[in-house]
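Each chain gets a letter, A, B and so on, in the order its sequence line appears, and its residues count up from 1. Computed over heavy atoms, backbone and side chain alike; hydrogens, waters and symmetry mates excluded. Small disclaimer: the values here were computed from a predicted structure and weren't measured.
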There are 2 protein chains.
Amino acid sequence: MNDSAVEASSKETSKQGLPRLADVAAHAGVSSKTVSRVVNNEANVRPQVRAQVLRSVAALGYRPNAAARALVTQRTHQIGLIATASSLYGPTAGLFSLEQAAWKAGYGLTLTTVQEASEAQLGEAIHYLMVRGVEGVIVSGVAGVLHLGTSTLADMPLVSTSPITTESAKHVLVDSDQVAGTRAAVRHLYNSGHRLIAHLAGPLGWDSAARRRDGWRLELEDLGLHPGPLLEGDWSPRSGYEAALTLDRTAATAIVVANDHMAMGAIRAFTEKGLHIPDDMSVVGFDDVPEAAYQIVPLTTVRQDFSSVAERSVHELIQLIEGRPAEETCIHLPTELIVRASTARCFGNPN
Amino acid sequence: MNDSAVEASSKETSKQGLPRLADVAAHAGVSSKTVSRVVNNEANVRPQVRAQVLRSVAALGYRPNAAARALVTQRTHQIGLIATASSLYGPTAGLFSLEQAAWKAGYGLTLTTVQEASEAQLGEAIHYLMVRGVEGVIVSGVAGVLHLGTSTLADMPLVSTSPITTESAKHVLVDSDQVAGTRAAVRHLYNSGHRLIAHLAGPLGWDSAARRRDGWRLELEDLGLHPGPLLEGDWSPRSGYEAALTLDRTAATAIVVANDHMAMGAIRAFTEKGLHIPDDMSVVGFDDVPEAAYQIVPLTTVRQDFSSVAERSVHELIQLIEGRPAEETCIHLPTELIVRASTARCFGNPN
DNA sequence: GCAAAGGTTGACAGCGCTGTCAGTAAGCGA
DNA sequence: TCGCTTACTGACAGCGCTGTCAACCTTTGC
């Protein structure tokens, strides 16, 4: 019945000086198993015993030891996240949503990064996470197709934004519908009278960059147009700037850019070349970063909902972890075209 | 001597079906303690025994169980990160550097977020991390001053970008030198002839926002100038836009903005009002986000090195974790003024 | 009033690993 | 050759917790 401060008791015997289940049990006058029941909210404990235990827990400042618990239950309730190390908006924006979704579901998030999606780096990251006992892995914003043939990840629940080369039932893809996104951008430009529509892609080794390019190309084909010039950047504003410098108004009157930051760089480059946006060149971005709406020329862009992707990813992963097989193995979330001021009617091609 | 594939052996007895130390020991014909020695790279194992054990480890695909290890060694080698949930550039940019620095030092990173830095939310986050057994905590981009009086964090190694109200020797502050940053911005504007210099601050409940404002005010005082208008935003481009809408050219010829994204919003607002940047209004940002250099009007800004802050934070934290007291409890890393095109001489005030 | 059923509690083993310490083999000087 | 040091190896306990199972204590129905 000792209700004194946190550091009160002197009987606790844990190595670290932290109180253990047994200390709480002694304090409350019950067995440690009963304390365990209370702490884990199990049924069949008399209310007054429960209350007394709770009081002792508070009095001693008891916290369960995750390692001990994990050891016996074989559950860590940890999710691993593998992300590409970059300070780019896209991959990071969903991070907090990811964490919050995991938190709500009672899971912790262990973060790890790779510089590039080489098999070696990915393998190292996976090893790192598995040693730490994660129960599932989310791979976010990693280039290319994941090859997990005989790898150690083959049997681990995994959600990725990139396709994976396994038939494992434990692998699910969750991502924005990139193809539909650039398709919508192209259609919008077409409807505005543009016929010469270029694309500034992300690094095409990245699956999402390739899919955005595919959308652009497919929509042009459906529209009966020849694809305009295809440029490639590395997602950075600088690369957008440099790529756009090489593009001529004779080659295209509009360009679909694979992300907003490259679009900003491109707009800067066009401006330098004396082209006015949108009158001389229409530009569509992708992502809808917060500052896109507040550029001097507010950016028309394809919004993707990073939060939804993150939440859905966590949801699907936890389904897999808890043994429920995935209903769909390939989930594409909708994107939305946000028309602002960087696109205009093309009067050169007045249809 | 079985060198077959990972899933080979059928003798492993772990609940999860994963091989344990004892399985490797049996496979190699040694005791589990010897395997433990090899796995942990301890001395005093005969080379050929070591080699044999290593072969068995590889053959069985053995991975040490972190929970068991943590239980007995009382070390988790995990660092907790508390960040504010937002998709803003500042707080997230250093995240990957943080992770990489932790990785190199052999630590894992567990991420958690708070919506706001209320005592309640922070307490919850801390509890979450402590239950997961982190050995130290980094608090990044959290508003205000941390009050950790009798809190459970009081005795835990902690590195923060905000000041903390404890005398604990285990708490260190690592951050960019915000004051010097805005001071440099003001001086640059002064040297360009500006005398009416406004400030658009971040949310002043945030310590970093308050310090940036202080730098602005202090430099103006040192220069013998009265502070111009002080506005407040919430770091977002939108808030910068809205704040700038209220600012008149008669009130200021230049403005120091507390981050780049608000600066972009402000530039957009000024442009809408018919003010030309930089001729009618000079704008200085803070952060130097990647797209700042590629705006239609490239942004003059105060660059802070998020990577250095992150690396230093991890370094200091690990010092604390490993029991070495901090040499400095308050570390400010330098910032650098990057002059681009959003600032110009003020001809209205020709010195 | 008694048995059966159900609710509540605790003793004990053991999760997979490492620290301790004792024991055995090898090296070495006299 | 012996005795002593040093290099290696393994038996065993136990980290803090939960699962199992047996024991006990209430209720309830008749």
Side-chain angles (χ1 to χ4, degrees), chain A residues 9 11-54 56-57 60-77 130-133 135, chain B residues 9 11-54 56-57 60-77 130-133 135:
Chain A
S9 171
K11 288 188 290 187
E12 62 224 16
T13 52
S14 151
K15 272 190 187 174
Q16 295 237 327
L18 296 172
R20 303 155 310 167
L21 217 44
D23 299 316
V24 178
H27 187 273
V30 296
S31 77
S32 60
K33 178 68 227 199
T34 296
V35 179
S36 169
R37 284 195 183 91
V38 172
V39 169
N40 291 290
N41 242 311
E42 287 174 26
N44 299 340
V45 178
R46 262 166 46 225
Q48 69 201 70
V49 173
R50 184 179 297 270
Q52 173 55 36
V53 169
L54 254 16
S56 297
V57 164
L60 298 181
Y62 169 77
R63 269 176 227 299
N65 177 315
R69 204 177 246 185
L71 183 57
V72 59
T73 60
Q74 307 283 342
R75 301 279 324 255
T76 58
H77 287 276
M130 292 195 75
V131 162
R132 280 172 171 76
E135 299 184 35
Chain B
S9 170
K11 287 188 291 186
E12 60 225 16
T13 52
S14 150
K15 272 189 185 174
Q16 294 236 326
L18 296 172
R20 303 155 310 165
L21 217 42
D23 299 316
V24 178
H27 188 272
V30 297
S31 77
S32 58
K33 179 67 228 200
T34 296
V35 179
S36 169
R37 284 195 183 91
V38 172
V39 169
N40 292 291
N41 243 311
E42 287 174 25
N44 298 339
V45 177
R46 261 167 46 226
Q48 71 201 70
V49 173
R50 184 179 298 271
Q52 173 54 39
V53 169
L54 254 15
S56 297
V57 164
L60 298 181
Y62 170 75
R63 269 176 227 299
N65 177 314
R69 205 177 245 183
L71 182 57
V72 61
T73 60
Q74 307 284 341
R75 301 278 324 254
T76 57
H77 288 274
M130 293 196 74
V131 162
R132 280 174 172 75
E135 298 185 33

Rounding to a whole Å, what distance do you find between [X]:[atom1] and [N]:[atom2]?
X       : N      : atom1 : atom2 : value
B:Arg46 : C:dA26 : CZ    : C1'   : 10 Å
B:Gln48 : C:dA26 : CD    : P     : 11 Å
A:Tyr62 : D:dT18 : OH    : C1'   : 11 Å
B:Leu71 : D:dG14 : CG    : C1'   : 9 Å
A:Asn44 : D:dT18 : CG    : C1'   : 16 Å
A:Glu42 : C:dG10 : CD    : C1'   : 14 Å
B:Asn40 : C:dG16 : CG    : C1'   : 13 Å
A:Leu21 : D:dG19 : CG    : C1'   : 14 Å

Problem set entry | DNA chain D-proximal residues of residues 29-39 of chain A, any heavy atom under 4.0 Å |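 Output list: A:Lys33, A:Ser36.
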
Exercise. Touch check for B:Asn65, heavy atoms < 4.0 angstrom, all strands: base, sugar-phosphate only, or nothing?
Worked result: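 Contact class for B:Asn65: sugar-phosphate only.
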
Exercise. Within the structure, does a side-chain N or O atom of A:Gln74 lie under 4.0 Å from either OP1 or OP2 of C:dG16?
Worked result: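 So the side-chain polar atoms of A:Gln74 do come within 4.0 Å of the phosphate oxygens OP1 or OP2 of C:dG16, strictly under.
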
Exercise. Quick one: is C:dG16 close enough that its OP1 or OP2 comes under 4.0 Å of any side-chain N or O from B:Arg20?
Worked result: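 So the side-chain polar atoms of B:Arg20 do come within 4.0 Å of the phosphate oxygens OP1 or OP2 of C:dG16, strictly under.
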
Exercise. Rounded to the nearest 0.5 Å, how far apart are CZ of B:Arg63 and CZ of A:Arg132?
Worked result: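 With rounding to 0.5 Å, CZ (B:Arg63) is 12.5 Å from CZ (A:Arg132).
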
Problem set entry | Spacing of B:Gln52 atom CD and B:Arg46 atom CZ [to the nearest 0.5 Å] |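 It comes to 11.5 Å.
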
For this session: Mind checking side chain to side chain contact (heavy atoms under 4.5 Å, CB included) for A:Ala70 and listing every partner two or more places apart, or none if nothing turns up?
Result: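 A:Thr76, B:Ala67.
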
For this session: Could you pull out all residues at least two apart from B:Ala68 that satisfy side chain to side chain contact (heavy atoms under 4.5 Å, CB included)?
Result: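 Applying side chain to side chain contact (heavy atoms under 4.5 Å, CB included) to B:Ala68 gives A:Leu71, B:Asn65.
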
Which side-chain N or O atoms in residues 30-39 of chain B pair as donor and acceptor under 3.5 Å with protein atoms at least two apart or in another chain?
residue	atom	partner	partner atom	Å
B:Ser31	OG	B:Lys33	N	3.4
B:Ser31	OG	B:Thr34	N	3.3
B:Ser31	OG	B:Thr34	OG1	3.3
B:Ser36	OG	B:Asn40	ND2	3.4

Exercise. From the list D:dG19, D:dG16, C:dC17, which nucleotide is the closest neighbour of the side chain of A:Thr73?
Worked result: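 Between D:dG19, D:dG16, C:dC17, the one nearest the side chain of A:Thr73 would be D:dG19.
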
Exercise. For the helix from C:dG1-D:dC30 to C:dA30-D:dT1, what is the angle between the axes at its two ends, each from 5 pairs, rounded to 10°?
Worked result: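 Taking the rotation axis at each end, their angle is 30°.
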
Problem set entry | Minimum side-chain heavy-atom gap B:Arg50-B:Leu54 below 4.5 Å |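 With C-beta onward as the side chain, the pair touches.
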
